[in-house]
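In what follows, a structure is listed as structure tokens, so that the remarks can point back to it.
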Amino acid sequence: MALEKVTLGKSLTNGMRKAMDRDPKVVLIGEDIGKLGGVFRITEGLQKDFGEERVIDSPLAESGIVGTAVGMALRGYRPVCEIQFDGFVYPAFDQIVCQVAKLHARALGAVKIPMVIRIPFGGGIGSPEHHSESPEAYFAHTAGLRVVACSNPEDAHWMIQQAIECDDPVIFFEPKRRYHDRAEYDTDATSAPRGLFEANIVRPGTDVTLLGYGPVVKTMVEAAAAAEAEGTSIEVIDLRSLSPLPIDTIVESVRRTGRLVVVHEASSFLGMASEISAQVTERCFYELEAPVIRVAGANIPYPPSRMEEDFLPDLDRILDGVDRALAY
Amino acid sequence: MSARDREVEHDTHLDLLSWLLRQMIRIRRFEEKCAELYSATKIRGFLHLCIGEEAVAVGVVGALDAHDAIVSTYREHGHALARGVPMESIMAEMFGRATGCSGGRGGSMHLFDASRRFYGGNAIVAGGLPVAVGLALADHLTGDKAVTACLFGDGAFAEGEFHESANLAALWHLPVLFCCENNRYAMGTALAREHAETDLTARAAAYGMVAWSVDGMDVLAVREATDRALAYVRSSGQPCFLELRTYRFRSHSMYDPDRYRDKAEIEHWKQSDPIPALASRLVSEGLMTAAEVEEWLAEIESEVATEIDEAVAVAEAAPLEPVEDLTRFVTTAAGDPVRRTS
């Protein structure tokens, strides 16, 4: 037992270190991840400890990075790619959608593609478009990919290890504005609190289910605390896995509360909330007391940083969503 | 050199020529049969034939060791056949049957046979090139002496993925053999209309790679260049680039009306057909008489015809994958990875 207060960023570093210690086939590849330790310092110290052949500095070539990882995965490696910023993943889109997602099926299971693509995502750090985006729906839409997002240090610590152990390709979203959030947990624990593809009921409640993932989870918990003071009991669920979708946990919760508010930073149009809304409506039609409410980004390119507070779902917008659900 | 040594060398040379000739004929007739089956709507989807380019498939692929990897394109039937992927499993794939090398899911453009290190045809132009770099990087890291050969066309040379891959392979000193099958057209766009500088070999060399251009209609030239390139890659650990100047005698795909090429140009290139060229070489080198070659060709044709007929019969009789099975292998069956991770 070693209770420690660790940041989310350092939890990812430690998780990758554990995975690399356990399995020599785990290699990291990305831009500036070695000597520099990554733009967000998530791979700091790893090249020094594991060498240049396991922490590979690559040129600025996202398609090349991801495609190289595919080839390595075909040869039994477990590569972990770092995409420097969310918007930088687009040059690798072809590799991810056409090769990463499909090779296992094309080979009828004869090959596996056990690779992880880490993507810092979301806004709130005062950066413009391409540096603050939430592109998760593109990948969740693609069969053959697993898509997860961590929201807190302990999950970051475990989920990155589980993603590396997963035999399928995992798109791993990291809430970049939460990299410096700290939490205390047992860093020596030998067992993860839950599976990679399970949602987590962060805070039980009875009146409304509030669902989200990544950076907005913290804001949702704050919203639930504020609502409690006004006598509203909110159940907060951290989705964690976007694909596969842990829909049973959501449905079970909505059947109890009768109301669902889904939150994400990505634009609302065809975002994760749209799919969740459809599935919940199909399965909970008679239990729903209100339409499923979406609190999400606007359908615009990511705004200039001085206006991002208006774009991002904050406490007020989330509570407004809850009020709208309760108004029915 | 003793008389015995000369005899062995002569036999080896003849064996090589006979293998090259037989494989080119196999590929040619296979492609012709596919065209016929496509017109009869027995083969669906898209169909890109390599008729005219057989010397590249046979010359390059035949030079590789079984342990070397291949990453190919959508015009890959010849590559797969030369690799030794059984014709029956390729034909079954054309028919979309469950017994095909990709279970009938891939079709003409996505032949895949991991057991023979044939990492696929690929409908995405240049899409396989970064994957080839990764295979080579893995081999480099594990000390495996395998070479990864990636075949692609002049069209792929215009894609960013070629340039990323060439740079990575040269930068990291990886054993990749880049084989650019330059048939002078990216679909319907002529070389000079797709490239500001049409000397692809010079441009590849600019990445710090050894790069040669080869007469891609001369199967022995292709074979010799590939042997030399492989020896260089294996001994140096560096990538190498071969530009194989070739020509497809038929249109880009079965849908393509081929309006962008002059009939005279096509006829001109047909004069360099690699199959009769090799057959006459057997005579001119004094290895066989004209009558012997003719007899021998008839024998090959008959054997190949039988092989193709059998492959078609087997494919037609084979089952389709049950539709309810299409959800298999989308992801691994394991589902959630293990909880315990330390």
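Here is the naming used below: chain letters follow the sequence lines, and residue numbers restart at 1 for every chain. Hydrogens, waters and symmetry mates are skipped; everything else that's a heavy atom, side chains included, is used.
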Flag side-chain contact, heavy atom, 4.5 Å: Q95(A) against V131(B):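 Yes, at least one pair of side-chain atoms sits under 4.5 Å.
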Tell me, side chain or backbone of [X] under 4.5 Å from chain B's heavy atoms, or both, or neither?
X       : result
S58(A)  : both
I29(A)  : side chain
E62(A)  : backbone
K25(A)  : side chain
I164(A) : neither
D23(A)  : neither

How long is the gap from [atom1] on [X] to [atom2] on [Y], to the nearest 0.5 Å?
X       : Y       : atom1 : atom2 : result
E161(B) : D94(A)  : CD    : CG    : 4.5 Å
L168(B) : I65(A)  : CG    : CD1   : 8.0 Å
H104(A) : T331(B) : NE2   : OG1   : 6.5 Å
S63(A)  : H163(B) : OG    : NE2   : 12.5 Å

For [X], does the [atom1] atom have more than 12 heavy-atom neighbours from other residues, nucleotides or ligands under 6.0 Å away?
X       : atom1 : result
F46(B)  : CZ    : no
F93(A)  : CZ    : yes
H141(A) : NE2   : no
E52(A)  : CD    : no

Verdict with reasoning, I56(A) to L137(B), per side chain to side chain contact (heavy atoms under 4.5 Å, CB included): CA-CA 11 Å; I56(A) 303 168; L137(B) 177 56; 4.0 Å; yes
Please report the shortest heavy-atom distance between [X] and [Y], naming the atom on each side.
X       : Y       : value
W172(B) : D57(A)  : CZ2-O, 3.6 Å
E164(B) : G64(A)  : OE1-N, 2.6 Å
P59(A)  : L171(B) : CG-CD2, 3.6 Å
R75(A)  : A69(B)  : NH2-CB, 3.6 Å

Steps toward side chain to side chain contact (heavy atoms under 4.5 Å, CB included) verdict (M72(A), L141(B)): CA-CA 10 Å; M72(A) 297 184 83; L141(B) 292 177; 3.5 Å; yes
So for [X], is it side chain, backbone, both, or neither that comes closer than 4.5 Å to the heavy atoms of chain A?
X       : result
F329(B) : both
N167(B) : side chain
L129(B) : neither

Trace of the side chain to side chain contact (heavy atoms under 4.5 Å, CB included) decision for T142(B) with Y77(A): CA-CA 10 Å; T142(B) 49; Y77(A) 281 85; 2.9 Å; yes
Options S115(B), P130(B), S102(B), ranked by heavy-atom pairs under 4.5 Å with chain A, top entry: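 Counting heavy-atom pairs under 4.5 Å, the top option is P130(B).
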Donor-acceptor under 3.5 Å (D168(A) side chain, T332(B) main chain):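 Side chain of D168(A) to backbone of T332(B): a pair is present.
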Chain B contacts, top residue of E53(A), R54(A), K102(A), R106(A) (heavy-atom pairs, under 4.5 Å):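 Option with the greatest count: R106(A).
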Proximal to chain A - members of residues 119-127 of chain B, heavy-atom separation under 4.5 Å: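 Under the 4.5 Å heavy-atom cut-off, Y119(B), G121(B), N122(B), I124(B), G127(B) qualify.
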